[in-house]
Amino acid sequence: MLTTKYITENADDVIARLAKKHFDGKGIIAKVVSLDTLRKNKQTQLDEILAEVNGLSKIIGELFKQGKKEEADASKEKTALLKEKSKQLSAELDVAEKALVDLLVQIPNLPHSSVPEGKGAEDNIVEKMGGLIPTLPANALPHWDLAKKYDLIDFELGVKISGAGFPVYKGKGAQLQRALISFFLSNANAAGYLEIQPPYVVNAASGYGTGQLPDKEGQMYHCTVDDLYLIPTAEVPVTNLYRDVILNEKDLPIKNTAYSACFRREAGSYGKDVRGLNRLHQFDKVEIVQIQHPDKSYETLQQMVDYVQTLVDKLELPWRILRLCGGDISFTSALTFDFEVYSAAQQRWLEVSSVSNFESYQANRLKCRFRTGDKKTNLCHTLNGSAMALPRIVAALLENNQTPEGIKIPKALVPFTGFDIIN
RNA sequence: GGAGAGGUGCUCGAGUGGUUGAAGAGGUACGCCUGGAAAGCGUAUAUACUCCUAAAGGGUAUCGCGGGUUCGAAUCCCGCCCCCUCCGCCA
C-alpha cells in the first residue's frame with residue numbers, strides 16, 4: 001500500500017496518477033487525509049495523558065516511600081480519571097488507525113509515468129518481438145490433442161481424482177515438466193539468483209504481506225482447519241521472507257528464485273481460456289524475486305525482462321513483450337511487462353511471464369526496509385517475475401514443434417529432458 | 001496429541017512490582033593510541049508513532065502476541081502463538 005505520508009503530502013498528484021489506472025481517488029484520498037489528521041490528533045492527546053499518568057505514578061511511588069499515604073491516595077484518584085480518558089482515546093485511536101488501513105488497502109499502486117494510457121489488454125503496447133512463428137500444416141493439432149496422441153497429459157484422469165484444471169502428466173509429459181523446472185532453475189542460478197524452496201502453504205500474515213489478502217481472498221485455496229492458504233505463486237512465501245526485516249544497504253539487491261506448484265481457484269474463468277493447459281488450478285512455475293534499492297529498481301526491472309527474454313530465446317519460441325497499459329496493469333504494480341509466446345495451432349498469444357516493479361507498495365505492507373549509511377531506514381523496492389510458468393510454455397512447445405515424426409525438443413532443453421523427440 | 005521447561009535488544013545473558021528502553025559481556029561503527037596493526041582506552045549502537053517549519057530536543061508505545069490486575073508490569077493473572085526435552089504417532 002501507499003504510505004500515508006506520501007498520500008497526504010502529494011494528494012493531488014496521487015489522484016491524477018491513479019486516474020491512469022481508471023481509479024477515481026478523489027473521495028478516498030480526501031478521506032485518508034482527514035482520517036490521518038484525526039489519527040494524529042488522537043495520538044497526541046493520548047500521549048499527553050499517558051505522560052501525565054507516568055509522571056504521577058513516579059510521584060506516588062516517592063510519596064509511598066516517604067510514608068505520605070494521604071497525598072498518595074489523592075494522586076491515585078487523579079490517575080483513575082486520566083486512565084478513564086486514556087482508555088477512551090486509545091479506543092478511538094484504534095478505530096481511526098483501522099479505518100485508515102482499510103482505506104489504504106483499497107488504493108492501488110501508482111503507475112509509473114511510462115505506463116501507457118488504455119482500458120484493457122487491447123491497449124497494451126508491444127515493446128519487442130522475437131523468434132519465428134512456424135507455419136504448421138493444415139492438420140496441425142492443438143496441444144490437448146497432441147497430449148492425448150502421445151499420452152503426455154491426461155486431463156480426464158485429473159478430473160476423476162481432483163477436478164477440472166488438475167491435469168495428470170505422464171511419461172515424457174511428466175519428464176518434460178521436470179526438465180523445464182530444472183532448466184529454469186539452472187538458468188536463474190547462473191544469473192545470480194539464490195535458489196529457495198519455500199513452503200506451499202502460508203499463513204494469513206503472509207497473504208497480507210504480498211497483497212493477496214484481503215481483496216483476492218477468493219482466488220486462493222484456504223485450508224480453514226489450520227487457517228493456511230495454498231500459495232498462488234512462490235512470490236508469496238519468497239517475498240514474505242523479507243517481511244519485518246531491515247536489510248543492510250550493501251546487501252541489496254537480494255536475488256531469489258524458487259520453483260513451486262501454484263494453486264489458483266480461478267473462479268469465474270470459462271471457455272477457450274481454460275481449454276487444455278491454458279488455465280489451470282494447479283501449475284508449475286519458477287519465480288524470480290528481487291529486493292532492490294529504490295534508486296536502482298527500474299534498472300533491475302529491465303535486467304529481469306532481459307533475463308526472461310534469454311529463456312524464451314533458448315526455448316526457440318516466438319515471443320513478444322508487452323508494456324501493460326493503465327487498465328491492464330495489476331493493482332499492486334507500478335510497471336509491468338508481460339511475455340507472451342505464440343501457440344501456433346491455437347493461433348493465439350499466451351501469457352507466460354509477467355515482470356513487475358512494485359516500487360515500495362509491497363514493501364510498505366511487508367515492512368521490508370533497508371538501513372542507509374547514516375542509519376536511516378527506508379522502504380525497499382520489490383520486483384518479481386515469472387521465469388517461467390510452465391503450462392503455456394508446454395502448450396507452445398508441443399504445438400509449434402510438431403512434425404510428422406513427432407514433437408521436437410529445443411536443443412537447450414535436451415540436456416534436461418534426456419530425449420530430443422516425443423513420438 | 002499428552003507432560004514438563006522456556007521465549008528479554010544485532011548476539012549471549014542478568015533482571016519476580018517503582019529513576020529498567022532495560023545491568024554485564026560479545027559483536028559492530030567511529031575516535032584516541034601506533035610507523036602500521038593487535039591489544040588497550042573512550043564514545044556510540046532498536047523500532048514505530050507523535051510534538052516541533054526543519055535540525056536539535058521532547059513525549060508515547062514496544063522485553064513472543066493479545067487481554068487483565070495495579071497509582072505503577074519485562075516482573076503478577078488469563079488466553080493464544082512459537083520453541084526445546086520426554087512420551088505417543090509417523091515419511
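The chains referred to below are lettered A, B, ... by the order of the sequence lines, with proteins before strands, and numbering in each begins at 1.
- Taking the C1' atoms as reference points, B:C80 lies 30 Å from B:G18, given to the whole Å.
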Under a 4.0 Å heavy-atom criterion, the protein footprint on nucleotides 51-67 of chain B, written with B, S and -, is S-------BSS------
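- Residue pairs meeting the ring-ring contact (aromatic ring centres under 6.0 Å, His included) criterion with at least one member in residues 185-211 of chain A, sequence neighbours excluded, are A:Y193-A:Y307.
- Contact between the side-chain N/O atoms of A:K83 and the OP1/OP2 oxygens of B:G72 is found at a separation under 4.0 Å.
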Can you give the donor-acceptor pairs under 3.5 Å from side chains of residues 43-51 of chain A to other protein atoms, not counting sequence neighbours?
unit_1: A:Q43; atom_1: NE2; unit_2: A:D47; atom_2: OD1; d: 3.3
unit_1: A:T44; atom_1: OG1; unit_2: A:K40; atom_2: O; d: 2.8
unit_1: A:Q45; atom_1: NE2; unit_2: A:N41; atom_2: OD1; d: 3.0

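- Within the nucleic acid shown, A:I246 comes within 4.0 Å of sugar-phosphate atoms alone, with no base atom in reach, counting heavy atoms only.
- One atom, CG of A:L56, and another, P of B:U19, lie 16 Å apart when rounded to the nearest Å.
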For residues 99-113 of chain A, dump all side-chain donor-acceptor pairs below 3.5 Å to protein atoms at least two apart in sequence or in another chain.
unit_1: A:Q106; atom_1: NE2; unit_2: A:D102; atom_2: O; d: 3.0
unit_1: A:N109; atom_1: ND2; unit_2: A:T332; atom_2: O; d: 2.9
unit_1: A:N109; atom_1: ND2; unit_2: A:F358; atom_2: O; d: 3.1
unit_1: A:H112; atom_1: ND1; unit_2: A:S114; atom_2: N; d: 3.1
unit_1: A:H112; atom_1: ND1; unit_2: A:S114; atom_2: OG; d: 2.8

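- In this structure, A:R39 reaches the B:U50 phosphate: one of its side-chain N or O atoms is under 4.0 Å from OP1 or OP2.
- Looking at heavy-atom distances under 4.0 Å, A:T79 makes contact with sugar-phosphate atoms alone, never a base.
- Comparing A:S75 and A:D36 by the nucleotide of RNA chain B whose heavy atom lies nearest to each, the residue mapping closer to the 5' end is A:D36.
- The distance between atom CD of A:E249 and atom P of B:A29, rounded to the nearest whole Å, is 16 Å.
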Tell me which donor-acceptor pairs under 3.5 Å the side chains of residues 162-174 of chain A have, and how far apart each pair is, sequence neighbours excluded?
unit_1: A:K170; atom_1: NZ; unit_2: A:D151; atom_2: OD1; d: 3.2
unit_1: A:K172; atom_1: NZ; unit_2: A:I421; atom_2: O; d: 3.2

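- Computed from coordinates, the A:N248 CG to B:U45 P distance equals 18 Å when rounded to whole Å.
- A:K58 comes within 4.0 angstrom of no nucleic acid atom, judged by non-hydrogen atoms across all strands.
- Judged purely by distance below 3.5 Å, without hydrogens or angles, the side chains of A:H143 and A:E399 pair a donor atom with an acceptor atom.
- Residue A:S57 has no polar side-chain atom (N or O) positioned under 4.0 Å from OP1 or OP2 of B:U19.
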Taking only distance into account, with no hydrogens and no angle test, what donor-acceptor pairs under 3.5 Å do side-chain atoms of residues 387-394 of chain A form with protein atoms, sequence neighbours excluded?
unit_1: A:R392; atom_1: NE; unit_2: A:N278; atom_2: O; d: 2.7
unit_1: A:R392; atom_1: NH1; unit_2: A:E351; atom_2: O; d: 2.7
unit_1: A:R392; atom_1: NH2; unit_2: A:N278; atom_2: O; d: 2.8

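- Atom CZ of A:R369 and atom P of B:A46 are 14 Å apart (whole Å).
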